[in-house]
There are 2 protein chains.
Amino acid sequence: MISVNVLYRHTDATKFNMNYYLDTHIPLVRKLLGAALKGVVVHQGIAGGAPGSPPEFTVIAELRFDSMDSFQAAFAPHAPAVTGDIVNFTNVEPTIQFSDVRLG
Amino acid sequence: MISVNVLYRHTDATKFNMNYYLDTHIPLVRKLLGAALKGVVVHQGIAGGAPGSPPEFTVIAELRFDSMDSFQAAFAPHAPAVTGDIVNFTNVEPTIQFSDVRLG
């Protein structure tokens, strides 16, 4: 199982419409990627590790797929629609990485 | 449900003993935090979003708890043991944040 980690950094300039993200963007991603998408987790940052500090990321999301191949096959045809929707809810360019899910 | 997100940044200088982390550190955390710890997910970074780029994080972990209060009650007595074990598997000081689990 692999995950696509999508992290939206928090700064003073960060704008992020959580309602649009949860109610429109994630459903769009689910619809376009179909059965290849095995799960979605969304963490909304509330605080940093040090007392009184802000979180480093406004959102940390993970999308799970059976393999890199299954991700690429599902995502490639819809990449413009998925990435093009990002400006509709945030001014942050997300940090993206691919990971092996070692636990959980 | 809240999550504690623990992110170990990847650089050329990063050392990270994944076997120790999975086989010793995570079991230690589970043992010390007990039933308050509702779940652990470990993502091991394999690639960045741009073709040929490295992942920004060697590891992205999440630990779930019912609430901030239940985390703090479980963690506070064992904070020195948990954080003191980090030098046994990495030279990276993790980025930590607290999040609301909005989905998943």
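Numbers restart at 1 for each chain; the letters A, B, ... are given by sequence-line order, proteins then strands.
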Side chain to side chain contact (heavy atoms under 4.5 Å, CB included) assessment of Leu103(A) paired with Val41(B): CA-CA 5 Å; Leu103(A) 193 64; Val41(B) 178; over 6 Å; no
Leu63(A) with Val42(B), same ILVMFWY side-chain cluster at under 4.5 Å: no
Phe71(A) with Ile26(A), same ILVMFWY side-chain cluster at under 4.5 Å: yes
Winner by heavy-atom pair count (cut-off under 4.5 Å) against chain A, out of Gly48(B), Pro55(B), Gly49(B), Ala47(B): Ala47(B)
Top contributor to chain B interface from Val6(A), Val59(A), Ile46(A), Leu22(A) [non-hydrogen pairs under 4.5 Å]: Ile46(A)
Top contributor to chain A contacts, counting heavy-atom pairs under 4.5 Å, from His43(B), Met68(B), Met1(B): His43(B)
Where Ser99(B) and Gly45(A) come nearest, the two heavy atoms and their spacing: OG-CA, 3.5 Å
Asn5(A), part contacting chain B, at a heavy-atom distance under 4.5 Å: side chain
ILVMFWY network linking Val82(B) to Ile60(B), side-chain heavy atoms under 4.5 angstrom: no
Single-linkage hydrophobic cluster, 4.5 Å side-chain cutoff, Val92(A) and Leu7(A) together: no
Pairs of heavy atoms under 4.5 Å with chain B: top-ranked of Val40(A), Asp100(A), Ile96(A): Asp100(A)
Common cluster, Val101(B)/Phe16(A), ILVMFWY with side-chain heavy-atom separation under 4.5 Å: no
Segment of Met18(A) engaging chain B (4.5 angstrom heavy-atom cut-off): side chain
Side-chain (Gln97(A)) to main-chain (Phe57(B)) donor-acceptor, under 3.5 angstrom: yes
Gln72(A) CD: over 12 foreign heavy atoms closer than 6.0 Å: yes
